[in-house]
Amino acid sequence: AVITGDAELEAAQTRWATSRDDVRESLFVRWGVATYRGRLREAADLVAKGEQAFGAIGLWPVVGRLRAGMALTFALAEDRTRATALLKRLEHDHPVEDTADELVVVAALLRDPALARRWLPVTLKPRSTSLEDRRVATLLTALADAASDPAKALGALTDLRQNVNESEV
């Protein structure tokens, strides 16, 4: 509803999401809408609620994904201070394997080649031999390069063929 601009449907979905007793049922929908709409304070508040709700039941990988998503959102909004603060929490509080891809992307957006290069080896650990994983590795390497050399990154991406039906890259 948000993406299509259907205000009536969005209002109905928001009413449903906010009527839920358990924040875990609707948090990701509400967070996605808030970030899409640029309501960063609301999105950050939802991440804090998610930290409490998912952390209380030991779902720390979910908390890590929320924090990584919020760091990416702050980086896209060019809020370096808040993006960096979340990155530090991610590096300290979560297994790097859970959020390494996001760390590389955020580092590239922040133009921090040292951070991008520090996490790149973790993202390149073999997951499988699939074409999808090779594309992801190429993309992440190019993003890490983009933090210091955008021209080199673009060169790496020229060979990255994309078929939307085959990939989520």
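Between D112 atom CG and L87 atom CG the span is 8.5 Å, to the nearest 0.5 Å. To the nearest 0.5 Å, atoms CG (D79) and CG (L86) are separated by 9.5 Å. To the nearest 0.5 Å, atom OG1 of residue T73 and atom CZ of residue R39 are 13.0 Å apart.
Between V122 and L103 the shortest side-chain heavy-atom distance does not fall below 4.5 Å. You'll find the side chain of F74 stays beyond 4.5 Å of the side chain of T81, heavy atoms only.
In this structure, R111 has no salt bridge (charged side-chain N to carboxylate O under 4.0 Å, His left out) partners at least two apart in sequence or on a different chain.
When every heavy atom of V63 is checked against every heavy atom of G55, the shortest pair comes out as CG2-N, 3.8 Å. Taking every heavy atom of both residues into account, V104 and A116 meet most closely at CG2-O, 3.9 Å. When all heavy atoms of V106 and A75 are compared, the closest pair comes out as CG1-CB, 4.0 Å. Listed here is the closest heavy atom pair of M70 and A44: SD-N, 3.8 Å. Residues G64 and L90 share a closest heavy-atom pair of O-CD2, 3.4 Å. For the residue pair L27 and L46, the shortest heavy atom distance occurs at CD1-O, 3.1 Å.
Residues in residues 52-70 take part in these salt bridge (charged side-chain N to carboxylate O under 4.0 Å, His left out) pairs, two or more places apart or across chains: E51-R67, R65-E102, R67-D93.
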